[in-house]
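The structure appears right after this line, and notes come after that.
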Amino acid sequence: MRNMLRTALLLASLGVTGQAIAQDSDETLKVGMSGGYFPFTFVEQDKLKGFEVDVMDAVAERLGIDVEYATANFSGLFGMLGSGRIDTIANQITITDERQQKYAFTQPYVYDGAQVVVKRGNDDIAGVEDLRGKTVAVNLGSNYEQLLRELPYSDEIDIRTYESNIEQDTALGRVDAFVMDRVSASQVIKEKPLPLELAGEPFSEIRNALPFRDDEEGRKMRDRVDQALNELREDGVLGKISQEWFGSDITQP
Amino acid sequence: MNALDIDYMLGLMPILLSYLPLTLEMAAAGMVLALILACLMAVVRVLKIPGLNALTLLFISFFRGTPLLVQLFLFYYGLPQLMSALTQINGVTATIMGLTLHFSAYMAESIRAAIVGIDRSQTDAALSIGMTRGQTMRRVVLPQATRVAVPTLMNYFIDMIKATSLAFTLGVTELMGATQKEAAGSFLYFEAFISVALIYWGVVELLAWLQRSLETRLNKAYQR
């Protein structure tokens, strides 16, 4: 099914941008991702997959350029972007004030919320307001740590920052909860053999986009990718990819 | 929780093993370069060559005194900020550079110890029959020092193989990076990490066996 869709997308975009492909086929968009964020970017049987991969493939096809993926630990991705080793990061990067000062973002292509997740059967925590006095795991370099620190009672929360595997440590009961985006949290619970459940409603809207270096070249590429995202949104391609992975359209506010 | 998923592990092993060559290549390249650098520094330290000796001391102090991960981040992400030409350095090269500099600092000291440990009277004897200092080093001291240094140097090589697992922070998908990504796709953490642990362990055991046979060979002259 997924392959059929991909072929259809490929054929459709070939029809529209055949000329563009002929013009600058030697250009390459270098995209960084962690490869460790199910179902956005992950590896199965040595093959990089996920929502981000499908979106960036579609963007590159629309622009008629090649796309090349580089995977690194999340904490290394912004370093790779800053030092010019990649052009952008497709890893559900949330737009924040600090990041906006430093990077040129495209339009958001995912709208989501921050979600508290607990071990199944943990009735103590029914939402973000119950995190007082609890140990909460977040991913290093993600914006969820900051979201938690902005809560009025943040000094009562024991925030633990992880490089990876926060789902596993919550399932093991080593921490009381973790905070992640609602979409991938639901997906993890649905598809993976870990005893976890959502605790309450999402507590903050987050908008995710692609960051580029804020220089002339970076902004130029940003504008082109932005245009491609516009077209993919209008053609319903973004929505289709989202339906494929999530059964709902997370690309609309 | 769930029972061990043996089928998943069996399927994962060949995939992970395909990343082993890169891990070993980085460690081997790092080891060869570190050995050369360490020998040079050890000789500088033993002969107390003015100027170079102080420089070597500073080098050893820094690279032994800071974590390897910090050094890797410095080379890969930090330096290109100062000199944009350094962006050309890829992750594999940066890892080999980091391993070389970091481990050469340790190895220089253990090689120096091995050289100093060779009885002073041997040097005196060699000099008395008219060998130059260089000849004495090459023909008398270093061959004996090698035998003393081999076990500790092998130890560093083993450590270096495992240290390559930091390369994924520089975007190099080596053995550990491949495992982390596969674990993220399956959420079978235990299966994935026990698989990779077995691979590292197997490689190190093989090396330990090599070390034993190498030591036996080097010790031949001393057996009666």
Side-chain angles (χ1 to χ4, degrees), chain A residues 30-50 68-86 89 91 119-120 139-141 163-169 171-173 184 187-196 213 215, chain B residues 1-5 8 10-19 69 72-95 165-193:
Chain A
K30 281 183 256 162
V31 180
M33 49 179 64
S34 71
Y37 193 8
F38 186 86
F40 292 103
T41 157
F42 62 99
V43 172
E44 234 168 38
Q45 295 291 303
D46 215 18
K47 202 171 161 355
L48 191 62
K49 299 174 182 178
E68 193 184 295
Y69 295 104
T71 49
N73 258 348
F74 187 81
S75 48
L77 288 175
F78 278 100
M80 289 175 83
L81 179 61
S83 56
R85 291 185 168 90
I86 51 175
I89 304 171
N91 206 86
K119 188 175 175 175
R120 195 185 298 147
N139 270 323
L140 173 66
E163 182 79 40
S164 55
N165 307 345
I166 58 177
E167 307 92 341
Q168 172 80 340
D169 253 19
L172 288 175
S184 43
Q187 205 69 13
V188 167
I189 292 169
K190 200 172 83 193
E191 298 211 7
K192 297 301 168 185
L194 292 173
L196 298 167
R213 271 185 307 284
D215 54 25
Chain B
M1 236 184 291
N2 301 60
L4 197 64
D5 193 338
Y8 172 73
L10 290 177
L12 186 62
M13 275 291 186
I15 295 172
L16 295 186
L17 282 172
S18 71
Y19 288 91
L69 187 59
L72 290 175
F73 273 38
L74 260 178
F75 294 136
Y76 196 63
Y77 300 124
L79 288 182
Q81 214 173 303
L82 305 179
M83 286 172 280
S84 56
L86 288 175
T87 306
Q88 299 303 320
I89 300 174
N90 64 28
V92 174
T93 314
T95 305
S165 60
L166 294 173
F168 190 46
T169 48
L170 307 190
V172 180
T173 301
E174 38 60 68
L175 193 49
M176 185 61 195
T179 311
Q180 271 182 274
K181 289 191 285 181
E182 293 283 349
S186 65
F187 281 72
L188 294 169
Y189 294 99
F190 185 74
E191 285 84 345
F193 292 131

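In what follows, chains carry the letters A, B, and so on, assigned in the order in which the sequence lines appear, proteins first and then strands, with residues in each chain numbered from 1.
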Side chain A:R85, main chain B:Y76, donor-acceptor under 3.5 Å: yes
Tell me if a side-chain donor or acceptor on B:Y77 pairs with a main-chain N or O of A:M80 at a distance below 3.5 Å. no
Need one label for B:F193: side chain, backbone, both or neither, based on atoms under 4.5 Å from any heavy atom in chain A. side chain
In Å and rounded to the nearest 0.5 Å, what is the OH to CG distance from B:Y189 to A:L194? 6.5 Å
Checked B:I15, B:L12, B:L188 vs chain A; the most non-hydrogen pairs under 4.5 Å come from B:I15
Going through the distances and angles, do B:Q180 and A:N73 end up as a side-chain contact (heavy atoms from CB on, under 4.5 Å)? CA-CA 9 Å; B:Q180 271 182 274; A:N73 258 348; 3.6 Å; yes
Nearest heavy-atom neighbours spanning A:A72 and B:G171: CB-CA, 3.3 Å
Please name the residue in the list A:V43, A:D46, A:T41 that meets the side-chain contact (heavy atoms from CB on, under 4.5 Å) test with B:K181. A:V43
Find the one option among A:E167, A:E191, A:E44 whose heavy-atom pairs under 4.5 Å with chain B are most numerous. A:E167
Looking at A:G36, A:S83, A:S75, which one has more heavy-atom pairs under 4.5 Å with chain B than the rest? A:S83
